[in-house]
Visitor: 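Got a structure for you, questions after.
Computation of the quantities below employed the complete heavy-atom set of this structure, encompassing side-chain atoms and omitting hydrogens, waters and symmetry-equivalent molecules. Chain A is the first sequence line, chain B the second, and so forth, proteins listed ahead of strands; every chain is numbered from 1. Because the structure is a prediction, the values reported are computed rather than measured.
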There are 2 protein chains.
Amino acid sequence: MTQAQLKKSSRIQQRNRSLILDAALEVFSQHGYRGTTLDQIAERAGLSKPNILYYFEGKEEIHVTLLNQLMETWLDPLVTLDPEGDPLSEILNYVQRKLDMAHELPRQSRLFAGEILQGAPRMGPHLEAGLKPLFDEKCALIQIWMDAGHLRPVDPRHLIFSIWATTQHYADFASQVDVLLQGEPQPQQGAEDYLVTLFTRLLKP
Amino acid sequence: MTQAQLKKSSRIQQRNRSLILDAALEVFSQHGYRGTTLDQIAERAGLSKPNILYYFEGKEEIHVTLLNQLMETWLDPLVTLDPEGDPLSEILNYVQRKLDMAHELPRQSRLFAGEILQGAPRMGPHLEAGLKPLFDEKCALIQIWMDAGHLRPVDPRHLIFSIWATTQHYADFASQVDVLLQGEPQPQQGAEDYLVTLFTRLLKP
DNA sequence: TCGTGGCTTTACCAAATGGTAAAATTTACC
DNA sequence: GGTAAATTTTACCATTTGGTAAAGCCACGA
């Protein structure tokens with residue numbers, strides 16, 4: 001245990017841990033925490049169940065590990081909102097990056113959504129500690145931009161919520177979107193253009 | 001069985017079925033399909049597990065029943081989009097009604113979201129048959145409004161997606177929203193005002 | 001070549017879970 | 001009040017599931 005945590009661990013450990021995490025991401029994101037069995041993860045990872053429990057203490061540790069890894073990636077686009085940049089471009093760029101993530105990492109997006117849906121039982125404190133300060137900081141930044149007249153004023157918090165909601169919708173509700181968009185030529189481009197229009201009309205002074 | 005389906009059923013049947021469905025809605029919406037046990041439903045309903053299986057064939061039938069009931073309620077605000085009304089008012093009214101629903105029926109909202117998140121495994125055909133035609137019809141209506149110059153043109157499909165996404169966000173991600181909104185005494189702008197602003201600026205000619 | 005320590009498998013287990021059979025009880029109606 | 005049907009309880013069961021113990025395997029340095 002101490003070994004696995006302190007040393008950068010052997011090649012085989014790294015390989016198997018990432019094999020397990022990848023398999024787990026696939027299954028957890030599709031079936032949720034309780035809907036996922038260790039056997040499913042084991043099969044997808046090509047390892048035996050006890051072997052998986054050699055690398056992780058239990059099902060919950062795998063899930064929490066995934067969630068923690070996710071946090072970084074997830075918050076990154078918000079972190080990079082630049083106070084020095086052009087306000088509208090910064091916001092639109094943020095929308096763009098979130099939308100790209102929804103398209104490129106749908107499994108992570110669904111994992112996150114599923115966890116929040118159930119009240120973030122395995123993420124609560126981590127959420128408050130990691131997300132809240134960043135959220136407050138960026139709200140303040142946006143407020144400054146608005147006060148300076150660079151953006152039309154709206155509540156920054158709801159602005160951020162609506163960016164999250166619209167961008168993640170495409171990953172989280174993909175099955176619904178797909179059914180309803182049957183026959184559209186370039187769905188990806190459509191979403192992008194639409195969201196740029198939406199937030200430009202909202203914010204452009 | 002045939003009795004229960006054909007006759008309007010006794011008072012006691014109605015009472016117990018709705019007791020079960022209410023308990024099941026609570027638990028399913030909180031823990032998801034696989035995360036919910038018949039024992040949990042039974043306890044919350046104040047009935048024994050075998051008694052529950054007297055009224056429903058199994059866990060899945062309870063879940064499907066809930067989903068089907070939900071469909072009606074859920075689609076209703078979209079159904080009432082009126083071709084004769086003022087276009088912008090009709091859209092804003094739709095937003096308003098969806099937001100009210102998210103506030104008043106958060107359990108239903110989360111149940112629906114959870115089902116879609118997992119690829120709608122117990123809803124697939126029902127979705128396509130019930131939602132798609134209505135969706136196409138209302139997209140066409142909105143397109144007509146736009147062509148006539150009553151609304152600024154955007155892709156009607158993405159407009160509807162963004163309305164769903166933003167309004168449901170408040171119910172589905174309530175735990176996240178609550179954490180992030182902590183400590184602000186008076187929100188300068190409520191969700192309702194914000195969304196009205198958002199869609200007005202998007203659509204007003 | 002022989003240990004030694006990290007890794008993997010085999011063989012389990014206890015609890016939880018969806019579900020059933022049938023006896024016991026209540027209800028509705030005459 | 002009596003009886004047949006509807007309802008509820010008691011006592012189970014088979015399977016699934018997260019997890020463990022311990023034996024076996026394998027790579028590698030001495």
Visitor: Verify the contact: side-chain N or O of N51(B) to OP1 or OP2 of dT10(D), cut-off strictly under 4.0 Å; return yes or no.
Guide: no

Visitor: Under 3.5 Å, side chain of K204(A) to main-chain N/O of R152(A), donor-acceptor pair present?
Guide: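 No, the answer is negative, given that no donor and acceptor are paired below the 3.5 Å cut-off.
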
Visitor: Can you confirm whether the side chains of N16(B) and Y55(B) place a donor and an acceptor under 3.5 Å from each other?
Guide: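 Short answer, yes.
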
Visitor: Does S18(A) have any side-chain contact (heavy atoms from CB on, under 4.5 Å) partners at least two apart in sequence or in another chain, and if so, which?
Guide: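 With sequence neighbours excluded, S18(A) shows a side-chain contact (heavy atoms from CB on, under 4.5 Å) to no residue whatsoever.
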
Visitor: Report the distance from atom CG of L53(B) to atom C1' of dT8(D), rounded to the nearest whole Å.
Guide: 13 Å

Visitor: Going by an N to O cut-off under 4.0 Å, is there a salt bridge joining K49(A) and D39(A)?
Guide: yes

Visitor: Check the interface with nucleotides 21-27 of chain D: list each N/O to N/O pair with the protein under 3.5 Å, or write none.
Guide:
none

Visitor: Hey, could you give me each pair passing salt bridge (charged side-chain N to carboxylate O under 4.0 Å, His left out) that has a residue in residues 125-138 of chain B? Not counting sequence neighbours.
Guide: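 Counting only pairs at least two positions apart or across chains, the salt bridge (charged side-chain N to carboxylate O under 4.0 Å, His left out) contacts touching residues 125-138 of chain B are K132(B)-D136(B).
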
Visitor: Which protein N or O atoms sit under 3.5 Å from an N or O of nucleotides 15-17 of chain C?
Guide:
from: dT17(C); atom 1: OP1; to: R34(A); atom 2: NH2; distance (Å): 3.2

Visitor: Closer than 4.0 Å, any side-chain N/O of Y54(A) to the OP1 or OP2 of dC7(C)?
Guide: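 Checking dC7(C) against Y54(A), a side-chain N or O does come within under 4.0 Å of OP1 or OP2.
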
Visitor: Would you please name every residue forming a side chain to side chain donor-acceptor pair (under 3.5 Å) with T36(B), sequence neighbours left out?
Guide: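 Here no residue qualifies.
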
Visitor: What residue pairs, at least two apart or across chains, pass salt bridge (charged side-chain N to carboxylate O under 4.0 Å, His left out) with a residue in residues 64-87 of chain B?
Guide: D76(B)-R97(B)

Visitor: Does R157(B) make a cation-pi contact with F135(B) (under 6.0 Å, within 45 degrees of the axis)?
Guide: no

